[in-house]
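To start, the structure itself, in structure tokens.
Start at 1 with the first residue, then count along the sequence.
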Amino acid sequence: STRNQFLFTLLESTPYPGGGFVNPEGGDGYQRIAAALREAGIEPATTRNDINTFTMTITKQRTMANSSPGDVVKAIMTVLERHSAMSVKEIMRELQLTPLAATSGMRELMKEAGIPVEVELQAEPHDHTVGLKKSGCHGFCEHGPLVIVYPEGTFYCSVKPEDVKTIVEEHLYKGRIVQRLLYREPINQEQVPRYSEIGFYKKQHRLVLANCGAINPEAIEEYIAVGGYEALAKAVTQMTPQEVVDEVKKSGLRGRGGGGFPTGMKWQFAKNSESDKKYVICNADEGDPGAFMDRSVLEGDPHRVLEGMAICGYAMGADEGYIYVRAEYPLAIKRLRTAIAQAEEMGLLGEHIFESDFSFTIHIKEGAGAFVCGEETALMASIEGKRGMPRPRPPFPAVSGLWGKPTNINNVETFANVAQIIVNGADWYCQLGTEKSKGTKVFALTGKINNTGLAEVPMGITMREIIYDIGGGITN
């Protein structure tokens, strides 16, 4: 703080002919400098000449019509570097020097000297300091758009374009939290600065949504960096297809599309069916009013779904998969296409995955919005180019499904659970949930509730906890 006081004094004071400083508050600014130096254990006399030279340089440069403003800034920075042992960039950050903090005269000098006076975030910063990254949905829909500043996790909500400059100027440069953009708990109106401390998130246990809002869904490298495709590698190179099926059975994972049928058992039926061709289908035809769970996963973490489908294909002996997704989800479709292309380019989809005999390709089928196509037999009819109408069962899809071949159908959330079960083991997954329903479930909170959005909670949680502790209660 002493060093900062010294540096701020130099910048905030106004030089005048004859040497020394006039403090903005009145009086000789040198006295403030001297006092600050004494507190730091430095004898002011040793710096008086530097300070006088500094002020006279500024005076000369400001009064000489042909002088370069760059020389003025250079003189300022030379003195600052000498007394702070920091580089110019470090000084600017330490001073929290921004266009808003600098005087208009200093801004002009900085601009003419080539020192940036306008702040601009870059997706790939050249100096690896501050970068701007897009991500999937954080789930807190009621208070979007959201901005989270890492590593501290400061959470800003209802951010408008005009707020961006304030966040950059105040938080990224000065380290000051922008109080007016913080979330307020609806009951006590208490401000909560950090993402992890907000009531909406505290009771959640995010497995399926773990990467949503944390990684760039259009960058496969970011998914791999957080363990992506590790489960597929383990399954293909270290496990037999039956071992994969057994692990999913043991986990107790049930279908998340509404039926709740044991996933491992479904996979076993499809595996046991003998055929030269088998299919995996992901049902992403989310048509229930107010539901957007699958959409959020596809938009925020598409590779997690692709990996789950590929593991299923390996387990049941399928080499081809379809994602049936509503055409009303254009962003989800765009990111799925990008994810599939990236995975194919890296050899994580396509022929001989991980140099094995296993090959798997995935296609996207856009649905036309018919609600009935959420039913699995109607969905398959739509993929085949027929009218989407349910048909009687049996035969079940595991025996005779798409084009009469054995087919396994699971929804987005079910596939999104698979990779973590394979990597961490069924015993780990069984720690969450109830005796008969393991793991977590994603719920969409909509309607007359304070905190609308997506909540992922362990099976067995009460409706009261979801509505009041996470949802913030009912609106008046």
Is atom CD of Glu243 surrounded by more than 12 heavy atoms (other residues, nucleotides or ligands) closer than 6.0 Å? yes
Leu454 and Arg206: which non-hydrogen atoms are nearest, and at how many Å? O-NH2, 3.5 Å
Side-chain ion pair, Glu456 and Arg256, N-O less than 4.0 Å: no
Rounded distance [0.5 Å steps], CG in Leu298 versus SG in Cys212: 9.0 Å
Mind checking the OG1-CD1 spacing from Thr462 to Ile467? Nearest 0.5 Å is all I need. 8.5 Å
Pair listing, side chain to side chain donor-acceptor pair (under 3.5 Å) test, anchored in residues 216-226, at least two apart: Lys133-Glu222, Lys134-Glu218, Glu218-Lys334, Glu218-Arg335, Tyr223-Glu307
Backbone N/O of Ala426 and side chain of Glu247: donor-acceptor pair under 3.5 Å: yes
When rounded to the nearest 0.5 angstrom, what is the spacing between CG in Asn211 and NE2 in His303? 10.5 Å
Got a donor-acceptor contact below 3.5 angstrom from the Asn283 side chain to the Gly374 backbone? yes
Taking the side chain as C-beta and beyond, is there a heavy-atom pair between Val178 and Asp163 under 4.5 Å? no
Could you tell me which non-hydrogen atom of Val236 sits nearest to which non-hydrogen atom of Phe358, and how far apart they are? CG2-CD2, 3.9 Å
Verify side chain to side chain contact (heavy atoms under 4.5 Å, CB included) between Ile323 and Met309, making sure each step is shown before the conclusion. CA-CA 9 Å; Ile323 301 177; Met309 291 180 66; 3.6 Å; yes
Distance col, row Ile148:CD1 vs Phe155:CZ, nearest 0.5 angstrom, shows 5.5 Å
Is the distance between the ring centroids of Tyr201 and Tyr195 under 6.0 Å? yes
Taking atom CD of Gln238 as the centre, report whether more than 12 heavy atoms of other residues, nucleotides or ligands fall under 6.0 Å from it. yes
Do you know which two heavy atoms are closest between Thr434 and Gly460, and how far apart they sit? CG2-CA, 3.5 Å
Side chain proximity check, Trp267 to Val418, heavy atoms < 4.5 angstrom: yes
My understanding is that only one of Arg295, Lys441, Arg254 makes a salt bridge (charged side-chain N to carboxylate O under 4.0 Å, His left out) with Glu413; could you say which? Lys441
Asn417 versus Tyr429, side-chain donor and acceptor atoms under 3.5 Å: yes
Are Asp469 and Lys202 ion-paired here, with the side-chain N under 4.0 Å from a carboxylate O? no
With side chains defined as the heavy atoms from C-beta onward, is the minimum distance between Val248 and Ile311 less than 4.5 Å? no
What about the rings of Tyr183 and Phe200, do their centers lie closer together than 6.0 Å? no
Taking it one step at a time, do Lys250 and Asp427 satisfy side chain to side chain contact (heavy atoms under 4.5 Å, CB included)? CA-CA 8 Å; Lys250 186 180 176 183; Asp427 293 337; 3.2 Å; yes
Of all the heavy-atom pairs spanning Val280 and Ala318, show the shortest one and how long it is. CG2-CB, 3.9 Å
Scanning both residues in full, the closest heavy-atom pair of Thr452 with Ile449 reads CG2-CG2, 3.6 Å
For the pair Lys266 (side chain) and Asn408 (backbone), establish whether a donor and an acceptor sit closer than 3.5 Å, ignoring hydrogens and angles. no
Note, Tyr468 side chain near Ile474 side chain (heavy atom, < 4.5 Å): yes
Let me see the working for Leu182 and Thr154 under side chain to side chain contact (heavy atoms under 4.5 Å, CB included), right down to the final yes or no. CA-CA 8 Å; Leu182 294 179; Thr154 303; 4.3 Å; yes
Look at the side chain of Asn451 and the backbone N and O of Ile470, then say whether any donor-acceptor pair between them is shorter than 3.5 Å. yes
Salt bridge check, Lys160 against Glu162: does any charged N sit closer than 4.0 Å to a carboxylate O? no
Reported OG1-to-CG distance for the pair Thr166 and Leu172, which is rounded to 0.5 angstrom: 11.5 Å
Applying side chain to side chain contact (heavy atoms under 4.5 Å, CB included) to Cys282 and Val412, what does each step give before you reach the verdict? CA-CA 6 Å; Cys282 175; Val412 171; 3.7 Å; yes
Under 3.5 Å donor-acceptor, Tyr314 side chain and Leu232 backbone: no
Taking C-beta and beyond as the side chain, do Leu181 and Val147 meet within less than 4.5 Å on heavy atoms? no
Which pair of heavy atoms, one from Asp285 and one from Cys373, lies closest together, and at what distance? OD2-C, 3.5 Å
Drop me the distance from Leu336's CG to Leu331's CG, to the nearest 0.5 angstrom. 9.5 Å
Would you check if the side chain of Ser296 reaches a backbone N or O of Met293 as a donor-acceptor pair within less than 3.5 Å? no
Could you work out, with side-chain hydrogen bond (donor to acceptor under 3.5 Å, both in side chains) as the rule, every residue matching Thr414, not counting sequence neighbours? Asn411
